[in-house]
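What follows is a short report on a single structure.
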Amino acid sequence: MASDVENIATGFKPVAVEKPAITRNIVVPRRHPGRWLAVAVLAILALQIGQAVSVNPNFHWDVYLTYLFSPQVIRGVGWTLLLTVVAMTVAIVVAGLLVVMRDSENPVLRGIAYGWVWFFRGTPIYTQLLFWGLFAVLFPNLSLAIPFGPEIVSVETKYILTPAMAAILGLGFNESAYLTEIFRAGFNSLDRGQAEAAQALGMKPGKIWMRILMPQAMRVIIPPTGNETIGMLKMTSLVLAVPFTLDLTFATNAISNRLYLPIPLLLVAGTWYLVITSLLMVGQHFLERHFGKGVSVHPTRAE
């Protein structure tokens, strides 16, 4: 107030000081004209392909819709799923045993594990299925006997090794060789120092595996195991070599041979395989997300 009175008395007029303008950085998004051009080209191609396929009478879409949900096809889908689940279960159990044997100090067990993986990875799956189909011919009877002595009990092989059992064993044993290497890779990726630290805290070995080591190993094991499961689903189409005649591929082939129309029935089989594969991929995604908690799987991308 006193300064205002002095300014009036002296006739001094204060000069207003302008504030400097604030400079703002405006970020302009980077333009990607090539992306929009690629999307336009792909959309045109997709429309043309879709139109060509939908109006082509050689695909016989009426036959496709007739047999998509037929009882014979649905039964084939059920047997394909059953073969996949049971064979993968056998493969996982055998692979777990083989991993333990590979890490054993017993050279005999290690040799058996190496030989198993070597044989089943080195021979074609179709050849193995043919062998299991001919097993009852090679060994008509399975018996328990004293070495170089009399038989204790004997049973015909065909009553034990049915076509379904032969298909499951052939698929499961072949897959176990690949899962063994996947499991070993997952367990070898673990830092053993964590187990030592947990032991120092007084944790029991079982709890160390379930709480610390196994969740970390599953992050490495699940993605390739999911791929192997999808591969197993499609590999069931080879069980005709056993011969097993109830799976999806055989069911659709039988219908197509009766109608002399292979294309629509191939589309039926392909549709069901795509549906089942999609469901398996969804399950794999949720498993990966569950065991990947706390781990960043989406690194920042530089534009």
Can you tell me which residue pairs pass the ring pair (Phe, Tyr, Trp, His ring centres under 6.0 Å) test with a partner in residues 252-289, sequence neighbours excluded? Phe69-Trp272
Under the ring pair (Phe, Tyr, Trp, His ring centres under 6.0 Å) rule, what pairs show up with a residue in residues 152-178, not counting sequence neighbours? Trp116-Phe173, Trp132-Phe173
Any donor-acceptor N/O pair, Arg110 side chain to Asp103 backbone, under 3.5 Å: no
Let me check something: do Val73 and Ile263 share a hydrophobic cluster, defined by ILVMFWY side-chain heavy atoms less than 4.5 Å apart, either directly or through other members? yes
Is there a continuous path of hydrophobic side-chain contacts, each under 4.5 Å between heavy atoms, that joins Met165 to Val85? no
Contact between Arg75 and Leu246 at the side-chain level, heavy atoms closer than 4.5 Å - yes or no? yes
For Phe119, the ring pair (Phe, Tyr, Trp, His ring centres under 6.0 Å) test, sequence neighbours excluded, returns none
Is Met214 close to Phe187 at the side-chain level, that is, under 4.5 Å between some pair of heavy atoms? yes
Would you kindly confirm whether Val94 and Val100 end up in one hydrophobic cluster when ILVMFWY residues are joined by side chain heavy atoms under 4.5 Å apart? no
Considering non-hydrogen atoms only, spot the tightest contact between Ala95 and Ser176 and give its length. CB-O, 3.7 Å
Pair Glu156, Asn141: side-chain N/O donor-acceptor within cut-off below 3.5 Å: no
Stepwise side-chain contact (heavy atoms from CB on, under 4.5 Å) check, Leu179 with Glu228: CA-CA 8 Å; Leu179 289 183; Glu228 292 296 323; 4.2 Å; yes
Does the side-chain contact (heavy atoms from CB on, under 4.5 Å) test come out yes or no for Thr271 and Tyr64, once each step is laid out? CA-CA 10 Å; Thr271 299; Tyr64 167 82; 2.9 Å; yes
Under a 4.5 Å cut-off applied to non-hydrogen side-chain atoms, are Leu240 and Thr249 in contact? no
Atom of Val99, atom of Thr180 and distance for their closest heavy-atom approach: CG2-O, 3.7 Å
same_hphob_cluster(Leu82, Leu233) at 4.5 Å side-chain heavy-atom cutoff: no
Would Phe59 and Leu267 count as a side-chain contact (heavy atoms from CB on, under 4.5 Å) if you check the C-alpha gap in whole Å, the side-chain angles of each, and the deciding distance to 0.1 Å? CA-CA 9 Å; Phe59 283 93; Leu267 293 174; 3.7 Å; yes
Against Phe250, only a single residue in Thr236, Val239, Thr245 fulfils side-chain contact (heavy atoms from CB on, under 4.5 Å); can you say which? Thr245
Here the pair of heavy atoms bringing Ile221 nearest to Gly186 is CG1-CA, 3.9 Å
Rounded to the nearest 0.5 Å, the OG1 atom of Thr225 sits from the CD1 atom of Ile230 at a distance of 11.5 Å
Counting C-beta onward and ignoring hydrogens, is there a side-chain heavy-atom pair between Leu161 and Leu169 closer than 4.5 Å? yes
Under the ring pair (Phe, Tyr, Trp, His ring centres under 6.0 Å) test, which residues partner Trp118, sequence neighbours left out? none
Spell out, as yes or no, whether a donor-acceptor pair under 3.5 Å connects the side chain of Glu288 to the backbone of Ile222. no
Of all heavy-atom pairs linking Pro163 and Pro243, the shortest is CB-O, 3.4 Å
Rounded to the nearest 0.5 Å, what separation is found between the CG atom of Leu265 and the CG atom of Leu259? 6.5 Å
Has the side chain of Thr127 got a donor or acceptor atom that lies under 3.5 Å from a matching backbone atom of Thr123? no
Counting only N and O atoms by type, is there a donor-acceptor contact under 3.5 Å from the side chain of Gln72 to the main-chain atoms of Ile255? no
Phe139: which residues meet the ring pair (Phe, Tyr, Trp, His ring centres under 6.0 Å) condition with it, sequence neighbours left out? Phe135
Count I, L, V, M, F, W, Y as connected when their side-chain heavy atoms are under 4.5 Å apart, and connections chain through other members. Are Val93 and Val90 then in the same cluster? no
Return each pair, listed once, that meets salt bridge (charged side-chain N to carboxylate O under 4.0 Å, His left out) where at least one residue sits in residues 159-182; pairs must be two or more places apart or across chains. Arg102-Glu181, Glu181-Arg184
Ignoring hydrogens and angles, tell me if any N or O in the side chain of Ser256 forms a donor-acceptor pair with the backbone of Asn253 under 3.5 Å. yes
Which heavy-atom pair separates Ala177 from Phe120 by the least distance, and what is that distance? CB-CB, 3.8 Å
Met218 atom CE, neighbour heavy-atom count above 12 within 6.0 Å: yes
Can you tell me how far CG of Leu129 sits from CE of Met235, rounded to the nearest 0.5 angstrom? 8.0 Å
Ala167 and Leu83 have their tightest heavy-atom pair at CB-CD2, 4.2 Å
If I take atom CD1 from residue Ile276 and atom CG from residue Leu81, how far apart are they, to the nearest 0.5 angstrom? 4.0 Å
OG1/Thr162 to CD1/Ile168 distance, rounded to the nearest 0.5 angstrom? 7.5 Å
Sidechain-backbone polar pair: Thr84 side chain, Thr80 backbone, donor-acceptor under 3.5 Å: yes
Roughly how far, to the nearest 0.5 Å, is CG of Leu238 from CG of Leu171? 8.0 Å
Ignoring hydrogens and geometry, is there a side-chain-to-backbone donor-acceptor pair from Thr157 to Pro140 under 3.5 Å? yes
State, with a plain yes or no, whether a side-chain heavy atom of Thr252 is found less than 4.5 Å away from one of Leu266. no
Arg258 CZ: over 12 foreign heavy atoms closer than 6.0 Å: yes
